[in-house]
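Taking it in order: structure first as structure tokens, then the write-up.
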Amino acid sequence: MSRDGGALNEQQRAAVAFGEGPLLIVAGAGTGKTKTLAHRVAYLIEGGVSPERILLLTFSRRAAREMLSRAARIVGEAQATKVWGGTFHAMGNRPLRTYGRALSLPPEFTVMDQADAADLMNLIRSELGLGQQQSRFPRKDTLADMYSRVVNARQKLSDVLETSFPWCSPEAAGIKAVFHAYIDRKRQQGVLDYDDLLLYWHALTKAEKTGDVVVGLFDHILVDEYQDTNVAQLDILREMCRVNRNVTVVGDDAQAIYSFRAATVRNILDFPAHFPRAEVIRLEQNYRSTSTILGLTNAVMEPAAEKHAKTLWSERGTGPLPRLVTCLDETQQADIVCKAILEQREQGIALRQQAVLFRTGHHSDLLEVELGRRNIPFVKCGGLKFIETAHVKDILAMLRVLENPLDEMSWFRSLQLVDGIGPGTARQLIGALGVRRPPADQGAGVPSAESPLLALQSESLPVPATASEAFDAFRWALREAADLPPGSQIDRLRHFYEPVMERLHGNAEARLRDLEQLEHIASGYASRREFITDLTLDPPTSSGDFAGPPLLDDDYLILSTIHSAKGCEWTSVHVIHAADGMIPSDMATKTREEIDEERRLFFVALTPS
DNA sequence: CATTTATAAATTTTT
DNA sequence: TTTATAAATG
């Protein structure tokens, strides 16, 4: 990052000062693409474009923040903060809150994460009795994956089944039934999943009246990491640019690592066809790595089936050779990595400038223990997030019930927190509360979304006597929490929830800290709606246990999955578990394409150094 | 009859 | 660490 201060090179300058119309910037690893994009944003603003009419689509909110803070150094904070910046999903959320009515979407809609979507699939799966047949039916996560692929790749279910889930093909009819019910349920409840944010955004651009308003919001659209976008995102982009065609995309086909999310490199390869008369600019000078490292990365990519016509070069000369260390077992690996890290720190490479990268979240488990033992502070990115832990989801479910009383899944989860209420009673209660609108009701006016919360306080609910006391505590907590500021709502709900948590989950201490953290985050928000939405669209990446509180230690090591390390850079990188079955993952070696993606993944792991 | 408790099994990568 | 299924319990 310190190398950022220098002047732009010729290609970078051309990209920054490009005029109107579509532009593709092919930017190899370490060629200063973030810098270029940030400068382009600044250039547009200085050239008279209103910052609030610029849309910057990135892969994570962190990436958007970083880019805009760089732009701020040029044009000032006041201007840069007005730029719309974030992920496709988060940026879809905003126009949908304002204009969603055009698609009969209530502004208080709630957003489900992937796990919630899977839970809803599961509910429907069991309601349709698809669980207990002789032939085994796909499990909830598989169902959610399949659905997501259908939406994001814009493919027919039969094609998706054939290419990605061949063992499920015999169940096509049942799967289709689940999907239809799933779509209906989301509609009735005013709930969107991640995919819907893209789908509805696209629909919004095509809606009568509001379509042109939404498309007219922006003069320039810039997209980062374009190689990892999918067809649904391309569709949105095409519509959003249909009038002024000012779209700049940046990417590198050699770094495409999200095909499991239906991203396709075709988007970047076919950009000139999708956006006629597009200009293409290549950034080929690498500022990050030594030619020694580039030699290695080039060699890694050499056997790939699909070639990437790009010649990276560097002026940074040769450097220390990369080391390949063979370990007997994981214990030895942890030991060697810890030693290497400390050794390098002695040589003046701070912990912050080092990172440990791995293929899957749990690959770092043993290392984390060892780091803890040696008092090496670290923060882990990727893997299980704290939003995915049961206790956080429980609290969130209660908040969502307050926000959107028609959100059936959240009721289902919340109600079962009450001692003595299981799936059966919860389902009955959901009926009695009027959460599920009968389908006939749909066109007929706006049913009061308040009513399930009012009904909750009624005395004549089908609650078993054994659960009655706990149920009263539950409804009082919700009632009292309802109108407090977001932070206090969590505080109030915790009074009810903490004993429940000890009964259900154990390991109460660590979980308690998480809840305190959650309350702390919430207290920074003015509205509950914003808090809940942000939490699902931009979840905090660190997962609970730190070796030391990183707020006190300002120097700490980064542990990260390779996927979440994209775009970062460090002086020293340790890639662990670089062995058969882990990199490449044995889950992904069935086809040539999958192996190539694992190859690119390894490439991405090597380039930050 | 529904809930709780016990037992066994599985577990990529992310918005 | 979570999740599906089976038996035990109230």
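None of the values given here were measured: they were computed from a predicted structure. The chains referred to below are lettered A, B, ... by the order of the sequence lines, with proteins before strands, and numbering in each begins at 1.
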Which atom pairs, one a donor and one an acceptor, fall under 3.5 Å between side chains of residues 90-99 of chain A and the rest of the protein, sequence neighbours left out?
unit_1  : atom_1 : unit_2   : atom_2 : d
A:Asn93 : OD1    : A:Arg97  : NE     : 3.1
A:Arg97 : NH1    : A:Pro107 : O      : 2.8
A:Arg97 : NH1    : A:Phe109 : O      : 2.6
A:Arg97 : NH2    : A:Phe109 : O      : 3.2
A:Arg97 : NH2    : A:Thr533 : OG1    : 3.0
A:Thr98 : OG1    : A:Arg94  : O      : 3.2

Subject >> Aromatic ring pairing A:Phe179/A:Tyr147, orientation class (parallel under 30°, perpendicular over 60°, tilted between) >> reply: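 Perpendicular.
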[N], OP1 or OP2 - any side-chain N/O from [X] closer than 4.0 Å?
{"X": "A:Ser60", "N": "B:dT14", "value": "no"}
{"X": "A:Thr466", "N": "B:dT3", "value": "no"}
{"X": "A:Thr561", "N": "B:dT14", "value": "yes"}

**OP:** Using a strict 4.0 Å threshold on nitrogen-to-oxygen distance, state whether A:Lys380 and A:Glu368 make a salt bridge.
**Re:**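 Counted as a salt bridge, because a side-chain N and a carboxylate O are separated by less than 4.0 Å.
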Original post:
Salt bridge between A:Lys33 and A:Asp224, side-chain N to carboxylate O under 4.0 Å?
Top reply: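 Here A:Lys33 pairs with A:Asp224 in a salt bridge, since their nearest N and O are under 4.0 Å apart.
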**OP:** Take A:Ser585 and A:His577 through the side chain to side chain contact (heavy atoms under 4.5 Å, CB included) test and state the conclusion after the steps.
**Re:** CA-CA 10 Å; A:Ser585 163; A:His577 280 110; over 6 Å; no
Original post:
Is A:Leu601 touching bases, backbone alone, or none of the nucleic acid, heavy atoms closer than 4.0 Å?
Top reply: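 Contact class for A:Leu601: none.
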Original post:
If you look at every strand shown and take non-hydrogen atoms under 4.0 Å, does A:Pro423 touch a base, only sugar-phosphate, or nothing?
Top reply: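 Contact class for A:Pro423: sugar-phosphate only.
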So which protein nitrogen or oxygen atoms get under 3.5 Å of nucleotides 10-12 of chain B's nitrogens or oxygens?
unit_1 : atom_1 : unit_2   : atom_2 : d
B:dT12 : O2     : A:Arg359 : NH1    : 2.7
B:dT12 : O2     : A:Arg359 : NH2    : 2.3

**OP:** Identify whether NZ of Lys or CZ of Arg in A:Arg261 sits under 6.0 Å from the centre of the six-membered ring of A:Tyr258 and within 45° of that ring's axis.
**Re:**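 Ring-cation test returns yes.
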Original post:
Which residues in residues 84-94 of chain A have at least one heavy atom lying under 4.0 Å from any atom of DNA chain B?
Top reply: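 Residues of residues 84-94 of chain A under 4.0 Å from DNA chain B: A:Thr87, A:His89.
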